[in-house]
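A, B, ... follow the sequence lines: proteins, then strands. Residue 1 opens every chain.
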Protein chains: 2
Amino acid sequence: MYKNSTASRLANLTFSLLANCQEKEVHLAKLHRLTQAEFRCLRLFGTDESLNNKTIAERMNLSPSRLTRINDGLVKKRYIRREIDPNDRRNMRVNLSKKGKSLVQQLNKDYVDIHKEILQDINPSQHEQLIMAMTHLLEALEKWLKKTE
Amino acid sequence: MYKNSTASRLANLTFSLLANCQEKEVHLAKLHRLTQAEFRCLRLFGTDESLNNKTIAERMNLSPSRLTRINDGLVKKRYIRREIDPNDRRNMRVNLSKKGKSLVQQLNKDYVDIHKEILQDINPSQHEQLIMAMTHLLEALEKWLKKTE
DNA sequence: ATGAAATATTGTGTATATCAAATATCGATA
DNA sequence: TATCGATATTTGATATACACAATATTTCAT
């Protein structure tokens with residue numbers, strides 16, 4: 001039963017971790033006066049990437065039509081620009097504006113900084129283990145999702 | 001720069017982990033023909049707990065009025081029962097039905113099983129350290145959230 | 001007894017999301 | 001090259017998820 005209790009302790013940990021991560025996202029979105037959807041959408045961009053509607057929708061698990069409207073908001077707020085893909089005029093290529101790029105960089109920096117702070121509270125000798133454990137966790141989760149879909 | 005790269009690896013991990021956990025929740029909710037809100041609400045119950053509206057709302061970060069309606073759904077689907085608290089008739093005590101209890105048990109079991117699988121991929125001598133590291137991560141995250149609110 | 005605080009519910013407005021239909025484009029083929 | 005089927009985006013209609021304010025009931029302290 002040792003195995004079992006370790007597993008359930010781990011289960012409780014990931015459960016709480018999830019809740020806290022979500023809260024953290026809500027907080028950061030508010031901080032930058034973005035809706036959560038807009039925030040998550042921007043977070044998908046590398047600073048010089050150019051994505052189309054459908055790709056973003058798939059990565060975010062949203063319908064393309066929803067994305068159109070989220071993008072409407074981001075265009076209005078001048079974070080992104082739309083332009084027709086010259087290679088395939090059906091595609092709308094979505095690019096970050098200068099304002100968008102600097103926000104994305106800022107967000108990435110903030111995000112990493114949070115984890116830096118967090119790591120400062122943890123003994124450096126445990127850092128590698130933590131990364132390993134989380135990697136395993138992620139792999140197992142992905143495996144589980146693939147299995148069940 | 002070691003510190004920095006560890007932090008950004010951790011940042012990427014928690015980011016992906018969050019996305020996958022959310023997907024898992026969506027999947028499990030659908031599987032049992034529950035809305036996500038209903039699913040998360042049920043997950044809060046220990047099998048023989050009895051909670052009131054406000055407590056659940058607080059734990060879920062939702063308004064009490066929202067909870068009333070989520071509970072309406074769960075009552076209609078026969079997972080929970082409402083009864084007036086005899087000690088304080090303002091309270092509605094919410095209990096799991098037999099059907100509700102068995103679902104909650106099943107969900108908990110599934111959840112622990114996933115983590116058992118994960119632990120099988122990790123050397124048992126490291127399990128305790130892993131739990132410790134994850135606990136630290138959670139504590140650090142909670143501290144960060146408290147600081148910024 | 002009475003007024004203030006706590007609790008759940010109901011009414012209403014807004015944000016979030018989906019689905020179906022319309023439009024434009026592409027690519028293949030007859 | 002004219003046409004048909006597939007694909008991408010957008011628009012309009014609609015459903016769902018949520019919060020806030022008002023209401024009703026109950027408790028509790030005075």
Side-chain angles (χ1 to χ4, degrees), chain A residues 19 22-23 25-30 32-45 49-77 79-95, chain B residues 18-19 22-23 25-30 32-45 49-77 79-95 149:
Chain A
Q22 269 162 338
E23 210 176 313
E25 268 205 12
V26 170
H27 177 86
L28 282 178
K30 264 196 196 124
H32 293 282
R33 284 157 220 263
L34 292 166
T35 68
Q36 249 186 292
E38 288 167 348
F39 179 79
R40 269 182 295 150
C41 183
L42 275 181
R43 287 278 301 142
L44 285 184
F45 280 88
E49 226 171 340
S50 156
L51 305 167
N52 65 352
N53 210 345
K54 203 184 176 197
T55 311
I56 304 175
E58 273 165 9
R59 290 203 201 161
M60 289 181 72
N61 278 319
L62 291 175
S63 65
S65 73
R66 177 77 191 115
L67 242 291
T68 293
R69 295 177 238 244
I70 293 170
N71 284 339
D72 285 348
L74 286 170
V75 166
K76 189 168 284 175
K77 293 176 184 173
Y79 287 109
I80 64 174
R81 276 190 307 259
R82 278 193 265 231
E83 58 186 30
I84 295 170
D85 182 346
N87 300 321
D88 183 343
R89 296 178 49 75
R90 290 170 301 183
N91 277 311
M92 291 297 299
R93 303 211 62 79
V94 178
N95 303 289
Chain B
L18 181 62
Q22 269 161 342
E23 209 176 313
E25 266 202 14
V26 170
H27 177 85
L28 284 176
K30 265 198 194 122
H32 295 282
R33 283 157 222 264
L34 293 165
T35 68
Q36 250 185 290
E38 287 167 348
F39 180 79
R40 268 181 294 148
C41 183
L42 273 183
R43 288 278 300 142
L44 285 183
F45 280 87
E49 225 171 342
S50 156
L51 305 168
N52 65 351
N53 208 346
K54 204 186 175 195
T55 311
I56 305 174
E58 274 165 8
R59 289 204 200 162
M60 290 180 72
N61 276 319
L62 292 176
S63 66
S65 73
R66 178 74 192 116
L67 243 289
T68 293
R69 296 179 237 239
I70 293 170
N71 284 338
D72 285 347
L74 286 170
V75 166
K76 188 168 286 176
K77 293 175 185 174
Y79 286 106
I80 64 174
R81 277 189 307 260
R82 277 195 265 231
E83 58 185 30
I84 295 170
D85 182 346
N87 300 323
D88 182 342
R89 296 177 49 77
R90 288 171 303 183
N91 275 311
M92 291 298 299
R93 302 212 63 77
V94 178
N95 303 289
E149 78 197 357

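In this view, A:H32 and A:L34, A:L103, A:Q106, A:L107, A:D110 satisfy the side-chain contact (heavy atoms from CB on, under 4.5 Å) rule, not counting sequence neighbours. Under the rule for a side-chain contact (heavy atoms from CB on, under 4.5 Å), the partners of B:R89 that lie at least two apart in sequence or sit in another chain are B:I84.
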N/O contacts under 3.5 Å, protein versus nucleotides 19-23 of chain D?
| from | atom 1 | to | atom 2 | distance (Å) |
| --- | --- | --- | --- | --- |
| D:dA19 | OP2 | B:S63 | N | 2.8 |
| D:dA19 | OP2 | B:S63 | OG | 3.0 |
| D:dC20 | N4 | B:S65 | OG | 2.5 |

Write down the protein N/O and nucleotide N/O pairs, taken from nucleotides 24-28 of chain C, whose separation is under 3.5 Å; answer none if there are no such pairs.
| from | atom 1 | to | atom 2 | distance (Å) |
| --- | --- | --- | --- | --- |
| C:dT25 | OP1 | A:R89 | NH2 | 3.3 |
| C:dC26 | OP1 | A:R89 | N | 3.1 |

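Within the model, atoms CG of A:N91 and NZ of A:K54 stand 9.5 Å from one another, a figure rounded to the nearest 0.5 Å.
Under the 4.0 Å criterion applied to side-chain N and carboxylate O atoms, B:D72 and B:R82 are assigned as salt-bridge partners.
Each of A:T35 and B:T55 has a nearest nucleotide on DNA chain C; the 5'-most of these lies closest to B:T55.
Distance CG (A:L67) to P (D:dT10): 9 Å, rounded to an integer number of Å. As rounded to whole Å, 15 Å separates atom C1' of D:dT16 from atom NZ of B:K76. Rounded to an integer number of Å, the gap from B:I56 CD1 to C:dT7 P is 14 Å. Rounded to an integer number of Å, the gap from A:D72 CG to D:dG12 P is 11 Å. When the P atom of D:dC18 is taken as reference, atom CD of B:E38 falls 11 Å away, rounded to whole Å. Between the C1' atom of C:dT9 and the NZ atom of B:K54 lies a distance of 15 Å, rounded to the nearest Å. B:N52 places its CG atom 14 Å from the C1' atom of D:dT26, with the value rounded to the nearest Å. When rounded to the nearest whole Å, the span between CD of B:Q36 and C1' of D:dA17 equals 11 Å.
Counting any heavy atom pair closer than 4.0 Å across all strands shown, A:R82 reaches sugar-phosphate atoms only and no base atom.
Side-chain N/O atoms of A:N91 include none lying less than 4.0 angstrom from OP1 or OP2 on D:dT7.
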Report, one line per pair, each donor and acceptor closer than 3.5 Å where one atom sits in a side chain of residues 55-64 of chain B; sequence neighbours left out.
| from | atom 1 | to | atom 2 | distance (Å) |
| --- | --- | --- | --- | --- |
| B:T55 | OG1 | B:N52 | OD1 | 2.2 |
| B:S63 | OG | B:S65 | OG | 3.3 |
| B:S63 | OG | B:R66 | N | 3.2 |

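A heavy-atom distance below 4.5 Å is not found between the side chains of B:N53 and B:V94.
In terms of heavy atoms, B:E25 sits closest to B:F39 at CG-CE2, 4.1 Å.
Within the structure, salt bridge (Lys or Arg N to Asp or Glu O under 4.0 Å) contacts touching residues 33-45 of chain A (residues at least two apart or in different chains) are A:E38-A:K77.
With hydrogens and angles ignored, the 3.5 Å screen pairs a side-chain donor or acceptor of B:D85 with a backbone N or O of B:N87.
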